[in-house]
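Right, one structure below, let's go through it.
All ligand and atom numbering here is 1-based and tracks the order in the structure. Keep in mind it's a predicted model, so treat the numbers as computed, not measured.
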Amino acid sequence: MIRKLNGNKLTVALPKGRLFDQTIDIFKKAGIISENISSSSRKLIIESSDFYFLLVRAKDVPTYVENGIADIGVAGDDVLLESNPDVYRPVDLKIGVCNIVVAGLPESKEKYFSNPTSLKVSTKYPKITKDFFGKKGVKVHVIELYGSVELAPLVGLSEYIVDIVETGRTLRENGLVVIDHIRPSSAKLIVNRISYKTRKNKLSPLIENIENFQKNEV
Ligand code: PRP
């Protein structure tokens, strides 16, 4: 059975975990919602008085928004650069702030900077990796992983990784170092292009509230 969500409410696709809590926090502080919304249960659809929140994997948020299942969503630059969805991106939410980097064991630094012609790199971000090394004119053999990417240099799967670094704890605790910076990343509010036109009466105030909240935060 296909469940049709009540069309009067906006549908929001959110990644589970830290970004979920931080987005709810912004929605509350910006006066968009007043209830306590928690993702602690196993439910994948959470209903509030004005919204449906869909709990999805971070990488899947653009898919739900681009296909119009969700009107809006929250996705990091890392995810957006990888899938390049056709969505409107009106607001930098300034949460989920991290850096996309090349990392490896300290002894791998020298080889990296000695202008190698090709490198082996493990990553959850094959497109970002290929684009970055392509621009440098370095051939790259990408090994795609789905998590625990820091393991790869420790066991010899590849000398280098491309991954996001937030606190730096995972690199530190595994004896790895940042070797090169690719770019910073933060979470963006993304909006389905059709919803942006047809549900403007609901979406414009929401976007404005977030923007005003951010101005007052500075
Ligand atoms: C991400 C990322 C790093 C870690 C960085 O992994 O891939 O492993 O967080 O955060 P830190 O700098 O604060 O340590 P995630 O927690 O998404 O888990 P994963 O290994 O399953 O991808």
Report yes or no: does Y160 contribute a side-chain atom to a donor-acceptor pair with the main-chain N or O of S108 at less than 3.5 Å?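 Yes; judged by distance alone, with no hydrogens or angles, the pair exists.
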Tell me which pairs pass salt bridge (charged side-chain N to carboxylate O under 4.0 Å, His left out) where either residue lies in residues 61-85, with sequence neighbours left out.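 Residue pairs with at least one partner in residues 61-85: D71-R199, D77-R183, D77-K188.
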Please verify the inter-ring angle class for F27 with F51; under 30° counts as parallel, over 60° as perpendicular, anything in between as tilted.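 It falls in the tilted class, 30° to 60°.
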Return the set of residues passing salt bridge (charged side-chain N to carboxylate O under 4.0 Å, His left out) with D131 (not counting sequence neighbours), or none when no residue passes.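 Counting only residues at least two positions away or on another chain, D131 forms a salt bridge (charged side-chain N to carboxylate O under 4.0 Å, His left out) with K127.
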Looking at residues at least two apart in the chain, or sitting in another chain, which of them share a salt bridge (charged side-chain N to carboxylate O under 4.0 Å, His left out) with R89?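 Testing R89 for salt bridge (charged side-chain N to carboxylate O under 4.0 Å, His left out), a comparison that skips the adjacent residues, returns none.
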NZ/NE/NH1/NH2 to OD/OE distance under 4.0 Å, E166 and R18: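 Salt bridge flag = yes for R18 with E166.
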Counting only heavy atoms and a distance below 4.0 Å, can you name the residues contacting ligand 1?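 Residues near ligand 1: K124, G147, S148, E150, D163, I164, V165, E166, T167, G168, R169, T170.
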